[in-house]
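Here's the structure, in structure tokens; my notes come after.
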Amino acid sequence: MTGLILRLRRGGRIDRVPWWVYVLLTLAVVIAVFPLYWMFVVASNDSATAYKMPPRIVPGGNLLHLTELVFSTVPFVRSLINSAVVAVAIGVGHGVLCALAGFAFAKLRFPGRNTLFLIVVLTMTVPTQLAVIPQYMIMSKLGWVDTLQALIVPGLASAFGIFWMRQHIASTVSDELLQAARIDGANSWQIFWQIAFPLVRPAAFVLGLLGFVTAWNDFLWPFIILKSPEMYTAQIAIKALQNSYVVDLGLAMAGSFLATIPMLILFAFVGRRLVSGIMDGAFKG
Amino acid sequence: MRDSIGERIAPYAYIAPFFLIFAVFGLFPLLFTFYVALFDWNPVGEHTFVGLDNFARLFDDPRFWNAMRNTIGIWFLSTVPQLLIALGIAHLLNHTRLRFATLFRMSMLVPYITSVAATTVVFAQLFDRDYGLLNWVLHLIGVGPVNFAQSTWGSQLMIATMVIWRWTGYTTLLYLASLQAISRDIYEAASVDGAGNWKQFRYITIPSLRPVIVFTIVTSTIGGLQIFTEPLLVSRSAPLTCGPVRQCQTLTLFLFEQGFGQFKFGYGAAIGVSLFILVVAFALLNFLLSTRIRREKP
């Protein structure tokens with residue numbers, strides 16, 4: 001019943017949906033999905049067909065062969081594991097650390113709170129990626145070049161994430177509840193873990209997911225930092241496949257396909273939440 | 001009730017990780033870029049102070065202006081269509097009675113979860129002169145073959161297409177979220193008054209989306225001016241320059257080529273500083289234009 005009421009109240013046009021809207025939207029879906037389909041087509045045909053005109057537009061039976069070739073050309077299993085390690089560490093760390101900071105800004109009183117929050121918001125406008133050369137020098141000083149922590153640590157907290165979690169905690173967690181917990185003698189650390197975090201776990205999850213996807217797909221920074229093939233993430237392995245002495249278009253395509261599959265599987269399970277999370281995070285009105 | 005010392009410093013401990021990470025890996029490197037740019041700085045050898053020499057050389061360097069043109073060209077070719085298409089799709093998705101709404105919305109995000117590297121590999125093939133699908137289609141209608149990767153406009157169009165493909169769905173969802181916040185009563189009233197699809201779009205949808213449109217223009221500008229992966233992966237033969245005659249080398253790629261390809265850290269840092277100034281200038285311009293638009297509105 002409440003679901004029905006929410007549906008009716010939600011914004012949006014209410015006229016009958018004309019048929020051509022479906023045609024246009026289907027076209028948009030086809031365009032959104034086609035490159036992935038094409039990746040699969042080229043990766044599943046043998047190399048000779050990739051160099052034929054007219055091109056083959058249906059999948060073939062060669063995916064296994066190219067997959068084997070990918071795994072024998074570069075240490076691709078290692079690359080997938082490296083990507084997973086980095087993405088999971090950033091996803092979890094980013095979700096938790098931003099929630100903790102967002103909790104402090106939303107619910108705790110301390111001198112300088114508003115100024116510090118303003119600084120956090122202002123840092124969002126600073127394009128720090130332009131500073132890759134000194135960033136590399138710092139990593140080199142720390143001895144972190146060619147290591148995964150060089151990718152993980154800088155991604156553990158973000159201004160955007162803190163801003164996002166602060167909004168959610170401010171609107172979800174009631175002050176009375178926290179007051180009651182304080183009277184019962186709980187300190188802020190316990191209050192965060194036992195009351196605040198469980199309440200905003202869905203928001204933290206979506207934030208972690210965004211961090212995960214970004215980390216999995218990141219290219220520039222890993223490309224600068226990682227030197228040896230055993231340390232490559234999947235994205236850098238794609239680049240290596242593209243450069244390999246085996247001149248084979250299908251090879252890079254198969255690598256791209258293999259690096260995308262984990263994301264697609266994940267998306268099948270959590271895509272809905274990612275969509276609503278992105279839409280919730282958008283400012284309204 | 002007085003808090004213990006531990007409780008009083010706890011909030012600072014909770015926010016400290018961000019400030020620490022930002023200081024070490026964000027702010028300090030940014031400031032240090034300005035410093036390194038004043039040196040002839042080799043990563044292994046000596047570094048000597050040269051003042052503003054790097055900038056003087058940079059402004060005389062045709063490669064720099066070429067990269068600048070390419071960056072702005074790709075930014076323009078990708079941002080404008082992306083925002084317009086996203087606006088259109090969001091408008092179409094904003095029907096309460098739309099069937100398969102979840103499926104449509106989820107499909108919009110598929111490009112976003114695909115990596116730039118994978119995207120580039122596919123699109124480079126689709127745009128290939130000899131075996132690309134696009135040229136085959138063009139061939140059927142009697143055009144081509146077009147060598148996209150070899151020409152300046154062709155390679156920029158190719159890269160812009162990748163950016164559009166990747167980001168349009170994400171932007172669509174942002175617009176859709178804002179649209180859903182508009183009361184349906186307004187559309188209802190407009191519909192009763194006989195305003196058709198186009199009039200509803202022009203007089204209700206666009207004006208109420210102004211803030212989020214400005215936001216997406218700013219973010220896609222900051223992102224668009226730093227494009228790197230697409231031009232690097234487009235050309236197999238000359239990746240660092242995006243082709244033999246630098247036809248699609250962007251400023252970030254030029255920075256990378258000088259800094260990490262030729263180990264000229266000072267010169268590379270000077271490119272970084274210029275790029276920083278460019279991004280700030282664009283952000284300010286956006287800001288000024290958007291406040292002006294807002295003020296002009298009665």
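Values reported hereafter were calculated over all heavy atoms of this structure, with side chains retained and with hydrogens, waters and symmetry mates removed. Lettering follows sequence order; numbering is per chain, from 1.
Between chain B and the options A/Asp218, A/Ile138, A/Leu97, A/Leu24, the largest number of non-hydrogen pairs under 4.5 Å is found for A/Ile138. Heavy-atom pairs under 4.5 Å with chain A were tallied for B/Leu27, B/Asp128, B/Thr33; the largest tally goes to B/Thr33. Heavy-atom pairs under 4.5 Å with chain B were tallied for A/Ala104, A/Ser140, A/Gly255, A/Pro154; the largest tally goes to A/Pro154. Interface remark: of the candidates B/Thr114, B/Leu275, B/Leu20, B/Thr114 forms the most heavy-atom pairs closer than 4.5 Å to chain A. Annotation: maximal heavy-atom pairing with chain B below 4.5 Å, among A/Phe103, A/Phe105, A/Phe192, occurs at A/Phe105. Interface remark: of the candidates B/Pro111, B/Pro17, B/Gly259, B/Ser115, B/Ser115 forms the most heavy-atom pairs closer than 4.5 Å to chain A. The candidate from B/Ile271, B/Val218, B/Ile222, B/Thr102 with the greatest count of non-hydrogen atom pairs under 4.5 Å with chain A is B/Thr102. In terms of heavy-atom pairs under 4.5 angstrom with chain B, the leader among A/Thr26, A/Ile119, A/Val120 is A/Val120. Looking only at heavy-atom pairs under 4.5 Å with chain A, the residue among B/Thr229, B/Leu30, B/Val110 that has the most is B/Thr229. If you tally non-hydrogen atom pairs under 4.5 Å between each of B/Leu31, B/Leu126, B/Ile9 and chain A, the highest count goes to B/Leu126.
Contacts between A/Trp189 and chain B at a heavy-atom distance below 4.5 Å involve backbone atoms as well as side-chain atoms. Within the 4.5 angstrom heavy-atom criterion, only side-chain atoms of B/Ile21, from C-beta onward, approach chain A. Contact annotation for B/Tyr12: only side-chain heavy atoms (C-beta onward) come within less than 4.5 Å of a heavy atom of chain A. Heavy atoms closer than 4.5 Å to chain B are found in the side chain of A/Thr214, but not in its backbone. Both the backbone and the side chain of B/Leu232 come within contact range of chain A, each with at least one heavy atom under 4.5 Å from a heavy atom of that chain. Using a 4.5 Å cut-off between heavy atoms, A/Leu108 contacts chain B through its side chain alone, with no backbone atom that close. In this structure, chain B has heavy atoms under 4.5 Å from both the backbone and the side chain of A/Leu25. The contact between B/Phe22 and chain A is made entirely by side chain atoms (from C-beta outward), counting heavy-atom distances below 4.5 Å. Contacts of A/Leu264 with chain B are made by both backbone and side-chain atoms, with heavy-atom separations under 4.5 Å. Heavy atoms of A/Ala234 lying under 4.5 Å from chain B are absent altogether. Using a 4.5 Å cut-off between heavy atoms, A/Thr260 touches chain B through its side chain atoms alone. Both the backbone and the side chain of A/Ala28 come within contact range of chain B, judged by heavy atoms closer than 4.5 Å. Both the backbone and the side chain of A/Leu100 come within contact range of chain B, with heavy atoms under 4.5 Å apart. The part of A/Leu142 that comes within reach of chain B is its side chain, from C-beta onward, which places non-hydrogen atoms under 4.5 angstrom from that chain. For a residue to count as touching a neighbouring chain, one of its non-hydrogen atoms must lie under 4.5 Å from one of that chain's; by this rule A/Val213 touches chain B with the side chain only. In this structure, chain A has a heavy atom under 4.5 Å from the side chain of B/Val279, while its backbone stays farther away. Of the atoms belonging to A/Trp20, it is side-chain heavy atoms, and not backbone ones, that fall under 4.5 Å from chain B. Within the 4.5 angstrom heavy-atom criterion, only side-chain atoms of B/Pro239, from C-beta onward, approach chain A.
Two residues are said to be in side-chain contact when any heavy atoms from C-beta on lie closer than 4.5 Å; B/Met108 and A/Val29 meet this criterion. In this structure, the side chains of B/Phe18 and A/Thr123 come closer than 4.5 Å at one or more pairs of heavy atoms. Side-chain atoms of B/Leu133 and A/Phe34, non-hydrogen and from C-beta on, do get closer than 4.5 Å to each other. Using a 4.5 Å heavy-atom cutoff, the side chains of A/Leu274 and B/Met106 are not in contact. Annotation: side chain of A/Phe257 is not in contact with side chain of B/Val122 (no heavy-atom distance under 4.5 Å). Residues B/Arg8 and A/Arg109 form no side-chain contact, since every pair of their non-hydrogen atoms from C-beta on lies 4.5 Å or further apart. With contacts defined as side-chain heavy-atom distances shorter than 4.5 Å, the pair B/Phe19/A/Leu116 qualifies. Put simply, the side chain of B/Leu109 reaches to within 4.5 Å of the side chain of A/Ile278, judged on heavy atoms.
Using a distance-only test at 3.5 Å, with no hydrogens or angles considered, a donor-acceptor pair links the side chain of B/Trp165 to the main chain of A/Ile31. Side chain of A/Asn217 to main chain of B/Val116: no donor-acceptor pair is present (N/O by atom type, distance under 3.5 Å, no hydrogens or angles). For the pair A/Tyr22 (side chain) and B/Arg99 (backbone), a donor-acceptor distance under 3.5 Å is present. A donor-acceptor distance shorter than 3.5 angstrom exists from the side chain of A/Gln135 to the backbone of B/Phe25, with no hydrogens or angles considered.
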Which is it for B/Val36 and A/Met137 under the side-chain contact (heavy atoms from CB on, under 4.5 Å) test, yes or no, and what are the steps along the way? CA-CA 11 Å; B/Val36 175; A/Met137 292 163 141; 4.2 Å; yes

Please test A/Trp38 against B/Gln125 for side-chain contact (heavy atoms from CB on, under 4.5 Å), starting from the C-alpha separation and ending with a verdict. CA-CA 9 Å; A/Trp38 192 245; B/Gln125 202 279 335; 2.6 Å; yes

side-chain contact (heavy atoms from CB on, under 4.5 Å) for A/Ile133 and B/Leu255? Distances and angles first, verdict last. CA-CA 9 Å; A/Ile133 289 175; B/Leu255 190 167; 3.9 Å; yes

Would B/Phe256 and A/Phe223 satisfy ring-ring contact (aromatic ring centres under 6.0 Å, His included), going step by step from the backbone distance to the final call? CA-CA 10 Å; B/Phe256 183 86; A/Phe223 186 58; 5.3 Å; yes

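Rounding to the nearest 0.5 angstrom, the gap separating the CE atom in A/Met39 from the CZ atom in B/Phe123 is 9.0 Å. Between the CG atom in A/Leu220 and the CD1 atom in B/Ile227 there is a gap of 12.5 Å [rounded to 0.5 Å]. Here the straight-line distance linking atom CD of A/Gln235 with atom CG of B/Leu233 works out to 9.5 Å at 0.5 Å rounding. Rounding to the nearest 0.5 Å gives a distance of 10.0 Å between CZ of B/Arg105 and CZ of A/Arg272.
In this structure, the ring of B/Phe260 has its center less than 6.0 angstrom from the ring center of A/Tyr136.
Here B/Ala270 pairs with B/Ala37, B/Asn54, B/Phe55, B/Leu58 under the side-chain contact (heavy atoms from CB on, under 4.5 Å) rule; sequence neighbours left out. B/Phe28 pairs by the ring-ring contact (aromatic ring centres under 6.0 Å, His included) definition with B/Phe32, not counting sequence neighbours.
Taking every heavy atom of both residues into account, B/Ala117 and A/Ile238 meet most closely at CB-CD1, 4.2 Å.
The environment of CZ in B/Phe100 is sparse: at most 12 heavy-atom neighbours from other residues, nucleotides or ligands sit within 6.0 Å.
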